[in-house]
Structure formats: C-alpha cells, structure tokens
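Since the model is a prediction, treat every value here as computed from it, not as a measurement. Below, all heavy atoms of this structure are taken into account, side chains as well, without hydrogens, waters or symmetry copies. Naming: A, B, ... by sequence-line order, numbering from 1 per chain.
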There are 2 protein chains.
Amino acid sequence: MKARTVSSPAATPPSDAPTATALKLFVVLNRAHQAIARREAQHLAAHELTIAEFAILEALYHKGPLLLGEVQKKVLVSSGGITFLVDKLTARGLVERQACPSDRRARYAALTAEGTRLMRRLFPAHAAVIREALTGLSSVEQKHATALLKQLGKAAATP
Amino acid sequence: MKARTVSSPAATPPSDAPTATALKLFVVLNRAHQAIARREAQHLAAHELTIAEFAILEALYHKGPLLLGEVQKKVLVSSGGITFLVDKLTARGLVERQACPSDRRARYAALTAEGTRLMRRLFPAHAAVIREALTGLSSVEQKHATALLKQLGKAAATP
DNA sequence: CTTTATTTCCTCAGTACTAAGACTCACACT
DNA sequence: AGTGTGAGTCTTAGTACTGAGGAAATAAAG
C-alpha cells in the first residue's frame, strides 16, 4: 500500500498572493546573503579570522574603544560570545581590555597598536572583496536596494 | 608615549564612492537578514527545529523525495551536515532514508507520514511569520527588492 | 545604612554545524 | 574480468558559537 497517496510531488497550496511574494523575497534574500557571506568568510579565513572576529575589529577600528556591551550590540552576538571572541583576539595581541574609570563593572575593548596596523592593511582588501561581490548591481541599483533593505530590516527588527 | 597617536576615533578613509555604496548595502543586507532569521529561528524553536532542519523538511515537502546530494544543494550545508541533520530528523520519525534503485551509492531522503503531517500544519504558520516579518515593505516594493536581490545573489554566487 | 533590583561581564555546558578524509559503489577503458 | 577514476554518503575530530546562570559593582528604595 505504498501507492503514493501523495503522488503530486508539490503539495504546495499556493497560499495567497502576498504570502507568496513575501516567501520569494525571503528566499532570494537568504541566497544573496549566503553567497556574499561565503566570499567574505573565504577572504577572512586567509587571515585566520572569522566573520564575527573581523566584525569586532572593524567596530573598534571605526569607533575607537567600546564597552563590551556596545560591541555586542554592534556585532549581534550573545554576551558569552563577546567574552569568548575578545579573549581570542586578546590572546593574539590584536585587542586589549581596559578598565572603565567611571564604572568598575564595565570593561572597554580597544585595538592594540598591532590590531590597528592589521586593520589598516586588511580593511581596504575586505572592502574590495565586498565591492567585487556586489558588482551584480550598478551603483544606482545598490542605493535603491539599500533603501529597501533598510526599511525592511528596521521593521523586522522591532519585535 | 601612549599619547593617543590615533586620537581620531574614526580612522576611516572614506575610500571611493562606489566602495562606500557597496559597504552600506552590505551592512543593511546583513542586518535585514539577521533580523528576519532571528524571528524565523524563534518560531521554529517552539517546535524544536533549527532553521537548517526546517529547510530540509520544506524541501522534501515541496519537491518530494530527494537524493541527499540534491538536498545539500537546496539547503547549502556541508555533506557531513546533511548526514547529521537527516539522522536527527530520522530519529524523530519525520524523515526516512530510501535506497535508490538505479544507484546503490545514493540514498533518498523522504518525509514520513508523520513528517508530512507536521509540515502541513507547520508550513502555513511559518509562511505567516515570514510575511509578518516582511511587512516593512509593500507587496510592490517586495517584488522590486526580489528582482534586485536575485540579480545580486546570482552574480555573487558565481565565483 | 540596609535591602533589593539592575547592569555588566564572565563561566560553563551544550549545540549545530564544518572540513577533511574514509568508504562504498558505479562506470569507462583496457 | 580487472583497474583506475570519480561520485555519493558517512565518520571523526574539531570550531564557533548560544544560553542559562552567577559574581561584582552600581543604583534605587525603604
């Protein structure tokens, strides 16, 4: 009695049109993100860095020393993850912890001289990889996409 | 000699304009993706499923039985990961492996009756979560964004 | 001054993967 | 048949995180 009661391979109730539109967008967004992140990870792996590690370095490079909690908001990683990642970067001499004078619970993370040197060298290459990965769209199209995604992300982020 | 030789907090060389545009798009794309994926993960966690597990179930639900290699291409996970995930789903009685008659190396993955039942119940709820998460854009805007992201993803995927 | 709550970081155990390679089988060419 | 090459899956060891809970400092209330 394995007579393929579900012989139609696609048991897809097409749902309503708006839902179908949303699902399609969801799929292509995932694909695009994955394709670009893959390239980024590949580039960073050559320098023994993960995406999350690089994101921390980048935040510190552009913003200067930050409280660990602030780094967490930037990088969107769990609190335990921040401790773990900063530990690893500290062990490699790229980042250091600094006490916060006004609040003894809090700690700053800051780039060391070596970390700054690394980022000065690495960031332009990283930017080039991203730019290269996004050449599927013209500059005008990119701006358009940015506007749409900003709106999308903002709405999706508010729970 | 710690006299803050890099006292400007932002050591940002603005690079050229096209690069800046690309980086901005990259950031908002990451944000949007993360915000939506977070919601998805939250919804699926209520049913003890990860995103990757659900992706496998969904592929089988919509396409019928698939070779493991085909599942891998759909879900974009390493081959070891597919084995691991299908094992877990099999242990829960949602998926089963089937021999391939024409090639004894290959195995099919297929939904069990229970897996089909689960998806019939779960998929509409999942679609609703996605639709809800994307309400930041109107249907027209979503179609526009889809077109742009498709183009972007296609170019980024070809290495 | 206590007591209670909240913030901030860290610890620890566990999870979901990845990467590299082993193994099994299929196919093509002698 | 026998042999090499490659495809498809599984195994093993390891990594990058997550999440719950805890200690220390601060803030707020009694």
| task | Mark yes or no for a side-chain to base donor-acceptor pair under 3.5 Å between B/Arg105 and C/dA26, with no hydrogen or angle criteria applied. | result | no
For [X] and [N], give me the distance from atom [atom1] to atom [atom2], rounded to whole Å.
| X | N | atom1 | atom2 | answer |
| --- | --- | --- | --- | --- |
| A/Leu66 | C/dT8 | CG | C1' | 15 Å |
| A/Arg107 | D/dA24 | CZ | P | 14 Å |
| A/Asp87 | D/dA16 | CG | C1' | 14 Å |
| B/Ile82 | D/dT12 | CD1 | P | 19 Å |
| A/Leu89 | D/dA16 | CG | P | 11 Å |
| B/Leu49 | C/dA16 | CG | P | 10 Å |
| B/Ile56 | C/dC17 | CD1 | C1' | 12 Å |
| A/Arg97 | C/dT8 | CZ | P | 16 Å |

| Which heavy atom in B/Gln98 sits nearest to a heavy atom in B/Ala110, and how many Å separate them? | NE2-CB, 3.7 Å
| What pair of heavy atoms forms the shortest contact from B/Gly153 to A/Ala35, and how long is it? | O-CB, 4.2 Å
With heavy atoms under 4.0 Å as the rule, sort [X] into base, sugar-phosphate or nothing.
| X | value |
| --- | --- |
| A/Leu85 | sugar-phosphate |
| A/Asp103 | sugar-phosphate |
| A/Gly80 | base |
| B/Ser78 | base |

| request: Report the residue (A/Phe84 or B/Ser102) whose heavy-atom-nearest nucleotide on DNA chain C is the more 5′ of the two. | output: A/Phe84
| message | Pick the closest DNA chain C nucleotide for A/Leu67 and for B/Ser79 by heavy atoms, then say which residue is nearer the 5' end. | response | A/Leu67
| query | What class does the angle between the rings of B/His126 and A/Phe26 fall in, given that below 30° is parallel, 30 to 60° is tilted and above 60° is perpendicular? | reply | perpendicular
| request: Could you check whether the rings of B/Phe123 and B/His62 sit parallel, tilted or perpendicular, using 30° and 60° as the cut-offs? | output: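 Correct class here is perpendicular.
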| query | Closest nucleotide of DNA chain D for B/Glu70 versus for A/Thr50: which of these residues is on the 5' side? | reply | B/Glu70
Candidate nucleotides [options], ranked by approach to the side chain of [X] - the nearest:
| X | options | result |
| --- | --- | --- |
| B/Ala106 | D/dG8, D/dT26, C/dC17 | D/dG8 |
| A/Leu68 | C/dC10, D/dC10, D/dA25 | C/dC10 |
| A/Thr83 | D/dA16, C/dC10, D/dC10 | C/dC10 |

| said: Contact between A/Glu132 and A/His43 at the side-chain level, heavy atoms closer than 4.5 Å - yes or no? | reply: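 Not in contact.
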| request: Answer whether the closest heavy-atom distance between the side chains of B/Phe84 and B/Val77 falls below 4.5 Å. | output: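 No, their side chains stay 4.5 Å or more apart.
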| So does B/Arg104 get a side-chain nitrogen or oxygen closer than 4.0 Å to the phosphate oxygens (OP1/OP2) of D/dG8? |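 No, outside the criterion.
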| Under 4.0 Å between a side-chain N/O of A/Lys88 and OP1 or OP2 of D/dA16, yes or no? | yes
